Colleague: 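Take a look at the following structure, please.
This is a predicted model, so every value here is computed, not measured.
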Amino acid sequence: MAEGQGGPRGFWGRLRGSRIGRWWGALLHDYASAVREAAQDARRRPVAAAAVVAALAGASACARAVPSAESFDAATLEASGTLLLLSPATRSPSADRHVQRLLRRRESGRLRYRNLIFAAVIYEAPHAADAALYSAQCRHLLPRWRDFPGRILDVGFFGRWWVLAARLRDCDINEEEFMALPARLRQIHPNQLRSHRNESRYLEKFQPIILSPEQIRQAESEVAAPGAREHDGMVHAAR
């Protein structure tokens, strides 16, 4: 019997005629239609299409740059080392308390990491992961989701842990030293700073002094004048 008259067909022919083959064919046809419609819509509205592509590219970049749990451990240890290099008198107490809290939670195994596709969070758990306590195993005693925002310790986005970085921004300034000052003196505005001018004036003293020939002759005459006056005084005494 000929193949076109219902004879035996090949593997691909039987696959296309089966139920799963027809299902996949219909799915591919729908996707092809959606792609054609999207291309036609992009040609009609190029600005909107460019905005959508840029948003998708930004979301993809954010998803690829989500920091890992290991990076948070490294950032915490680096922050602890940075604070140890500072004197207790100049160390920021708030930054030190935050880093010490993270270290205590880390040593007790109570830090949890959660990847949220575009960002990551580090939050605090009431018990260690391997704790065999009843309060840690009973699902009725677990923290509720409505309490989750209060347990967040840090947020990682675009390769950086933002809460830890904000706490360490002025870690070499002891803000408690200024609590006795009046309220108007506790905060310095940018227009009150003259650091650039002060720095330039400080560096001026290391610049070499260049004297003109007239200044050199004047300096030599001033140096020679006391000797000449002393010589004239000795001659006048001898007389």
Colleague: Can you name the residues that form a side chain to side chain donor-acceptor pair (under 3.5 Å) with Gln137, not counting sequence neighbours?
Modeller: none
Colleague: Please answer: with hydrophobic residues joined when any side-chain heavy atoms are less than 4.5 Å apart, are Phe157 and Ile122 in the same cluster?
Modeller: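 Shared cluster, no.
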Colleague: I need the minimum non-hydrogen distance between Ser135 and His127, along with the two atoms involved.
Modeller: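 Taking Ser135 first and His127 second, the nearest heavy atoms are OG-NE2, 3.1 Å.
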Colleague: Among the clusters formed by ILVMFWY side chains lying less than 4.5 Å apart, do Val155 and Leu111 turn up in the same one?
Modeller: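 Not linked; separate clusters.
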Colleague: Enumerate the residue pairs fulfilling side-chain hydrogen bond (donor to acceptor under 3.5 Å, both in side chains) with a member in residues 139-164, sequence neighbours excluded, ordered by first and then second residue.
Modeller: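 Output for this query lists Ser71-Trp161.
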Colleague: Would Ile209 end up clustered with Phe206 when hydrophobic side chains under 4.5 Å apart are linked, directly or stepwise?
Modeller: no
Colleague: Residues two or more places apart in sequence or in another chain: which of them pass side chain to side chain donor-acceptor pair (under 3.5 Å) with Arg91?
Modeller: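 Partners of Arg91 by the side chain to side chain donor-acceptor pair (under 3.5 Å) criterion come out as none, since no residue qualifies.
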Colleague: With side-chain contact (heavy atoms from CB on, under 4.5 Å) as the criterion, how do Val163 and Ile152 come out once you've worked through the C-alpha distance, each side chain's angles and the decisive distance to 0.1 Å?
Modeller: CA-CA 10 Å; Val163 176; Ile152 294 178; over 6 Å; no
Colleague: Under the side-chain hydrogen bond (donor to acceptor under 3.5 Å, both in side chains) rule, what pairs show up with a residue in residues 79-89, not counting sequence neighbours?
Modeller: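 For residues 79-89: none.
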Colleague: If I compare all heavy atoms of Gln218 with all of Ser221, which pair ends up nearest, and what's the gap?
Modeller: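 Residues Gln218 and Ser221, closest heavy atoms: O-OG, 2.6 Å.
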Colleague: Hydrophobic side-chain clustering at under 4.5 Å (ILVMFWY, transitive links): who's grouped with Leu141? Put none if nobody.
Modeller: Tyr134
Colleague: Taking atom CD as the centre, does Glu177 end up with more than 12 heavy-atom neighbours from other residues, nucleotides or ligands that are less than 6.0 angstrom away?
Modeller: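 Yes, the 6.0 Å shell around CD holds more than 12 heavy atoms from other groups.
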Colleague: Are Arg106 and Asp73 close enough that some pair of their side-chain heavy atoms sits under 4.5 Å apart?
Modeller: yes
Colleague: Tracing side-chain links under 4.5 Å among I, L, V, M, F, W and Y, which residues wind up in one group with Met179?
Modeller: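 In the cluster with Met179 there is nothing else; it is isolated.
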Colleague: Do you know the tightest heavy-atom contact between Leu83 and Ala95?
Modeller: CD1-O, 3.9 Å
Colleague: Holding to side chain to side chain contact (heavy atoms under 4.5 Å, CB included), I want the full list of residues that pass it with Leu116, two or more places apart in sequence or in another chain.
Modeller: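 For Leu116, the residues satisfying side chain to side chain contact (heavy atoms under 4.5 Å, CB included) (neighbours in sequence not counted) are Arg114, Val121.
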Colleague: When Ile, Leu, Val, Met, Phe, Trp and Tyr are grouped by side-chain heavy atoms lying under 4.5 Å apart, directly or through other members, which residues fall in the same group as Leu28?
Modeller: none
Colleague: Do Leu103 and Thr76 come within less than 4.5 Å of each other through their side chains, counting heavy atoms only?
Modeller: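 Yes, close enough: below the 4.5 Å cut-off.
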Colleague: Could you measure the distance from the CZ atom of Arg97 to the CZ atom of Arg167? Nearest 0.5 Å is fine.
Modeller: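 Spacing of CZ (Arg97) from CZ (Arg167) equals 9.0 Å.
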Colleague: Write down the atom of Val66, the atom of Ala120, and the distance for their closest heavy-atom approach.
Modeller: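 The answer is CG1-CB, 3.6 Å.
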Colleague: Report yes if the side chains of Leu164 and Leu102 come closer than 4.5 Å at any heavy-atom pair, otherwise no.
Modeller: yes
Colleague: Mind checking side chain to side chain donor-acceptor pair (under 3.5 Å) for Ser94 and listing every partner two or more places apart, or none if nothing turns up?
Modeller: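 Testing Ser94 for side chain to side chain donor-acceptor pair (under 3.5 Å), a comparison that skips the adjacent residues, returns Ser92, Glu175.
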Colleague: Would you mind reporting whether Pro143 and Phe148 have side-chain heavy atoms less than 4.5 Å apart?
Modeller: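 SC-SC contact between Phe148 and Pro143 ruled out.
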Colleague: Which residues satisfy the side chain to side chain donor-acceptor pair (under 3.5 Å) test with Thr90, sequence neighbours excluded?
Modeller: none
Colleague: Provide the closest heavy-atom pair for Val99 versus Ala79 in the form atom of the first, atom of the second, distance.
Modeller: CG2-CB, 4.1 Å
Colleague: Leu153, Tyr123: one ILVMFWY side-chain cluster at the under-4.5 Å cut-off?
Modeller: no
Colleague: Which other residues belong to the hydrophobic cluster containing Phe118, where Ile, Leu, Val, Met, Phe, Trp and Tyr are joined when side-chain heavy atoms lie under 4.5 Å apart, directly or via other members?
Modeller: Ile117
Colleague: Could you go through the side-chain contact (heavy atoms from CB on, under 4.5 Å) check for His98 and Leu168 one step at a time?
Modeller: CA-CA 10 Å; His98 181 73; Leu168 293 177; over 6 Å; no
Colleague: Under the ring-ring contact (aromatic ring centres under 6.0 Å, His included) rule, collect the residues that match up with Tyr113, sequence neighbours excluded.
Modeller: none
